Amino acid sequence: MSAPRPMLKFEDLEIGEKRRSSSRTITQDEIVKFARQYDPQWFHTDPEAAKQSTFGEVVASGVHVLAIWRQLDHEINSDIDFVCGVGFDNFRLKNALRPGDTVYVTSRLLSKEKSKSGKPRGTCVGYYEMRNQNDEIVLHFESINLVHTRN
């Protein structure tokens, strides 16, 4: 069974609207398992060797951080009728994501502009953050997304 189509259209979105996800705690096993499949660098995959790294322990791959962001973002923004994402600006990984960290995601709509091509969509730019239990930014960026209009 497929999920229902999201209800919120371009016209429903308000600039400045902020949303926050629930929290999620990251485990060492999750970090190592993901990295072994998608980013097998030693400081992501080998807890013993990672003690000698700059981080002093295993840390999550940036690709993994983005995947976790996507899951938490879906929790708070899956009611928006997106066409697709078209890019990220000012993408920064500010602090390492470590085993035991508990993170959450926020989104805030920065701007929106109806399509000049006449297509039934508009462009929305959102600012996204992932923060840890110490309120430190793990990840932040602006995401450019196309959203369906009512017509």
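Just so you know, residue 1 is the first one in the sequence shown, and it goes up from there. Fair warning: this is a prediction, and the values are worked out from it, not measured in the lab.
The two residues Gly100 and Thr25 make their nearest non-hydrogen contact at O-CG2, 3.8 Å. Residues Leu13 and Cys124 approach most closely at CD1-SG, 3.9 Å, considering heavy atoms. When every heavy atom of Ser117 is checked against every heavy atom of Ser115, the shortest pair comes out as OG-OG, 2.7 Å. Counting all heavy atoms, side chain and backbone alike, Asp46 lies closest to Ala49 at OD1-N, 3.1 Å.
Counting only residues at least two apart or in different chains, salt bridge (Lys or Arg N to Asp or Glu O under 4.0 Å) contacts with residues 124-135 comprise Glu129-Arg131, Arg131-Asp135. Residue pairs that meet the salt bridge (Lys or Arg N to Asp or Glu O under 4.0 Å) test with at least one member in residues 84-100, sequence neighbours left out, are Glu57-Arg98.
Residues that satisfy the salt bridge (Lys or Arg N to Asp or Glu O under 4.0 Å) test with Lys9, not counting sequence neighbours, are Asp81. Residues meeting the salt bridge (Lys or Arg N to Asp or Glu O under 4.0 Å) test with Asp12, sequence neighbours left out: Arg150. With sequence neighbours excluded, no residue satisfies salt bridge (Lys or Arg N to Asp or Glu O under 4.0 Å) with Asp29. Residues passing the ring-ring contact (aromatic ring centres under 6.0 Å, His included) test with Phe82: none are found, sequence neighbours excluded. With sequence neighbours excluded, the residues satisfying side chain to side chain contact (heavy atoms under 4.5 Å, CB included) with Ser21 are Leu72, Glu75, Ile76, Tyr104, Val105. Lys114 pairs by the side chain to side chain contact (heavy atoms under 4.5 Å, CB included) definition with Phe10, Glu11, Thr149, not counting sequence neighbours. Considering only residues two or more places apart in sequence or on other chains, Glu113 meets the salt bridge (Lys or Arg N to Asp or Glu O under 4.0 Å) condition with Lys116. Among residues two or more places apart in sequence or in another chain, the side chain to side chain contact (heavy atoms under 4.5 Å, CB included) test is passed with Lys51 by Glu48. Every residue two or more places apart in sequence or in another chain that forms a side chain to side chain contact (heavy atoms under 4.5 Å, CB included) with Gln133 is listed here: Asp101, Thr102.
For the pair Val32 and Val58, the minimum side-chain heavy-atom distance is below 4.5 Å. You'll find the side chain of Cys84 reaches within 4.5 Å of the side chain of Val86, heavy atoms only. When side chains are defined from C-beta on, Val59 counts as touching Phe43, because their heavy atoms get closer than 4.5 Å. Looking at Ile26 and Pro99, their side chains never come closer than 4.5 Å, going by heavy atoms from C-beta outward. At a threshold of 4.5 Å between non-hydrogen side-chain atoms, the residues Val125 and Lys112 do not count as touching. Residues Asp79 and Met7 are not in side-chain contact: their nearest non-hydrogen atoms beyond the backbone lie 4.5 Å or more apart.
In the hydrophobic cluster analysis, where Ile, Leu, Val, Met, Phe, Trp and Tyr join through side-chain heavy atoms closer than 4.5 angstrom, Tyr127 is grouped apart from Ile15. Clustering ILVMFWY residues whenever any of their side-chain heavy atoms sit less than 4.5 angstrom apart, transitively, puts Leu139 in the very cluster that holds Ile31.
Atoms CE and CG, on Met130 and Leu97 in that order, are 6.5 Å from each other to the nearest 0.5 Å. Between atom CZ of residue Phe91 and atom CG of residue Leu93 there is a gap of 4.5 Å, rounded to the nearest 0.5 Å. Atom OG of residue Ser61 and atom NE2 of residue His44 lie 4.5 Å apart, to the nearest 0.5 angstrom. Atom OH in Tyr128 sits 15.0 Å away from atom NE2 in His140 (nearest 0.5 Å). To the nearest 0.5 Å, atom CG of residue Asn90 and atom CZ of residue Phe141 are 11.0 Å apart. If you take CD1 on Ile80 and CG on Leu8, they are separated by 6.0 Å, rounding to the nearest 0.5 Å.
Other residues, nucleotides and ligands contribute only 12 or fewer heavy atoms inside 6.0 Å of the CZ atom of Arg108.
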Expected list for residues 63-70: side-chain donor-acceptor pairs under 3.5 angstrom, two or more places apart:
{"unit_1": "His64", "atom_1": "NE2", "unit_2": "Glu30", "atom_2": "OE2", "d": "3.3"}
{"unit_1": "Arg70", "atom_1": "NH1", "unit_2": "Asp73", "atom_2": "OD2", "d": "2.9"}

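With hydrogens and angles ignored, the 3.5 Å screen pairs a side-chain donor or acceptor of Asn132 with a backbone N or O of Glu136. Using a distance-only test at 3.5 Å, with no hydrogens or angles considered, no donor-acceptor pair links the side chain of Arg121 to the main chain of Leu146.
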